[in-house]
Number of protein chains: 2
Amino acid sequence: MVRKSKEDAELTRKRIITAAREVFLSRGVSRTTLEHIATQANVTRGAIYWHFKNKTEIFHAIREQVLLPLIDRMDDSLTLDGNEDPLTQIEKSLCQTIDELNDNIEMRETYEIIMIKCEYVEDFSEVLQQILDNCSSILDKLVLGYQRAQAQNLLSCTLSPLALAQDTHLFFSGLLHMWVKDADGSRFRNQAKTLIQSHMNLRRKH
Amino acid sequence: MVRKSKEDAELTRKRIITAAREVFLSRGVSRTTLEHIATQANVTRGAIYWHFKNKTEIFHAIREQVLLPLIDRMDDSLTLDGNEDPLTQIEKSLCQTIDELNDNIEMRETYEIIMIKCEYVEDFSEVLQQILDNCSSILDKLVLGYQRAQAQNLLSCTLSPLALAQDTHLFFSGLLHMWVKDADGSRFRNQAKTLIQSHMNLRRKH
DNA sequence: ATATATACATACATTCTTGTTTGTATATAA
DNA sequence: TTATATACAAACAAGAATGTATGTATATAT
């Protein structure tokens with residue numbers, strides 16, 4: 001049998017994406033061949049070429065599958081003003097992302113691939129720009145949070161909301177990178193939340 | 001003519017390293033072949049195989065050429081207690097690294113390769129451990145600085161020196177990553193020092 | 001019921017890479 | 001001065017990896 005129903009086809013597509021994520025993770029993006037992915041997915045390269053133009057397109061599919069939902073959640077948790085104070089809100093939002101990394105295998109693997117199993121050249125260099133754009137949008141949300149904190153007189157210092165947001169953003173970028181690299185968890189993964197708490201306490205009045 | 005003097009041979013070795021750095025930067029480590037490097041260095045693969053076992057060894061040579069001196073300088077500027085106060089000392093040390101990245105082409109290119117043009121799998125996964133070890137040593141130096149700052153009652157908050165050092169370390173890691181990704185300089189490179197200043201001001205009393 | 005497009009598998013041709021082997025001119029040591 | 005090791009260049013062999021072309025069974029539309 002060859003021809004599958006539409007649902008079956010969509011299923012193979014997803015199998016290919018999952019397989020690619022697994023192989024990318026263990027072999028790195030550049031070193032994995034379409035044959036590797038095909039074997040892992042129990043299909044032939046024919047199937048892959050049917051669903052995707054090339055390896056780069058699979059990479060983008062993996063990214064979208066995980067990143068698009070994440071951005072939405074990040075947006076929500078930083079924009080919605082609940083009944084928490086702004087600083088707690090920021091803290092919870094950061095912690096929530098760490099929780100996601102811990103709980104969501106696909107997200108964790110995707111992050112790991114993006115950060116340390118991929119070379120940003122040629123086709124992939126545009127991803128860098130996307131990452132920077134992404135950062136800008138997160139930064140904007142943080143600025144809003146700190147502005148509200150300032151308005152409510154919650155801040156321990158006179159730094160501008162922008163400066164605080166930039167500092168938090170860089171802190172969190174560093175944390176994510178270290179989180180990924182710290183495979184055994186001893187240095188960063190296990191104490192990520194404590195680090196976030198300290199970071200936020202530094203800007204809390206009193 | 002084929003056989004060169006020892007000095008000439010050492011010179012070709014360096015030419016190969018420089019060529020490799022340049023090609024790694026533009027094509028990524030995985031996608032560059034030894035032929036690429038040879039062409040760039042105006043030698044044949046024979047010369048490369050004479051001086052290095054394989055591509056991985058060239059990568060390590062590039063890393064050592066830049067990283068070993070850096071670690072020494074970092075050690076010095078954080079360990080030596082000059083006549084500055086500890087917080088200023090930390091700030092200057094961080095700024096100095098940024099200056100180095102701006103001024104030293106080899107260092108800048110090497111950092112870029114290590115951070116976004118290299119996949120940490122197989123032979124390269126051990127580099128991750130080295131990076132983490134490196135971080136530990138920098139963290140230790142920062143802790144010492146903050147301990148002295150605390151002893152001199154310079155700190156604005158009650159956070160432990162360790163917590164402050166971890167926060168600074170993560171901030172600086174994030175900054176370096178963004179510095180590298182921000183090729184056009186608009187978002188991070190041009191204001192790196194301001195960001196460092198803000199970061200340190202956050203912990204200064206007064 | 002039949003035609004057609006779909007969802008692949010299989011086979012093929014071509015190009016890249018790598019590692020090794022062989023050759024060789026010449027510094028250098030003895 | 002001669003022998004030997006050095007510092008490469010050039011040639012060779014073999015295997016990967018890619019993209020495409022072709023084959024084909026079967027959903028699905030008509």
Looking only at side-chain atoms of [X], point me to the closest of [options].
X        : options                   : result
Trp50(B) : dA9(C), dA7(C), dC8(D)    : dC8(D)
Ala9(B)  : dC8(C), dT18(C), dA7(D)   : dA7(D)
Thr44(B) : dG19(D), dA9(D), dA7(C)   : dA9(D)
Ser5(B)  : dT28(D), dA10(D), dA27(C) : dA27(C)

query = If each of Lys55(B) and Glu7(B) is mapped to the nucleotide of DNA chain C with the nearest heavy atom, which maps nearer the 5' terminus, i.e. the 5' end?
reply = Lys55(B)
For [X] and [N], what is the distance between atoms [atom1] and [atom2] respectively, to the nearest whole Å?
X        : N       : atom1 : atom2 : result
Leu34(B) : dC8(D)  : CG    : C1'   : 15 Å
Lys6(B)  : dA29(C) : NZ    : C1'   : 11 Å
His36(B) : dT18(C) : NE2   : C1'   : 13 Å
Arg15(B) : dA7(D)  : CZ    : P     : 15 Å
Glu35(B) : dA11(D) : CD    : P     : 13 Å
Ile37(B) : dC16(C) : CD1   : P     : 17 Å
Glu10(B) : dC8(D)  : CD    : P     : 10 Å
Lys53(B) : dT18(C) : NZ    : P     : 15 Å

key: Of Tyr49(A) and Thr12(B), the one whose closest DNA chain D nucleotide lies more 5'   = Thr12(B)
key: Given DNA chain D, 5'-ward residue of the pair Asp8(B) and Arg45(B), judged by closest heavy atom   = Asp8(B)
request  = Drop me the distance from Leu128(B)'s CG to Ile116(A)'s CD1, to the nearest 0.5 angstrom.
outcome  = 5.0 Å
inquiry  = If I take atom NZ from residue Lys141(B) and atom NE2 from residue His169(B), how far apart are they, to the nearest 0.5 angstrom?
reply    = 12.0 Å
key: Phosphate contact (dC8(C) OP1 or OP2) by His51(A) side-chain N/O below 4.0 Å   = yes
Glu119(B) versus Cys118(A), closest heavy-atom pair with distance = CG-N, 3.5 Å
ask   = When all nucleic acid strands are considered with a 4.0 Å heavy-atom cut-off, which category describes Thr33(B): base, sugar-phosphate, or nothing?
value = sugar-phosphate
inquiry  = Can you classify the ring geometry of Phe24(A) versus Phe59(A) as parallel (below 30°), tilted (30 to 60°) or perpendicular (above 60°)?
reply    = tilted
request  = Output yes when Asp99(B) and Lys92(B) qualify as a salt bridge under the 4.0 Å nitrogen-oxygen rule, no when they do not.
outcome  = no
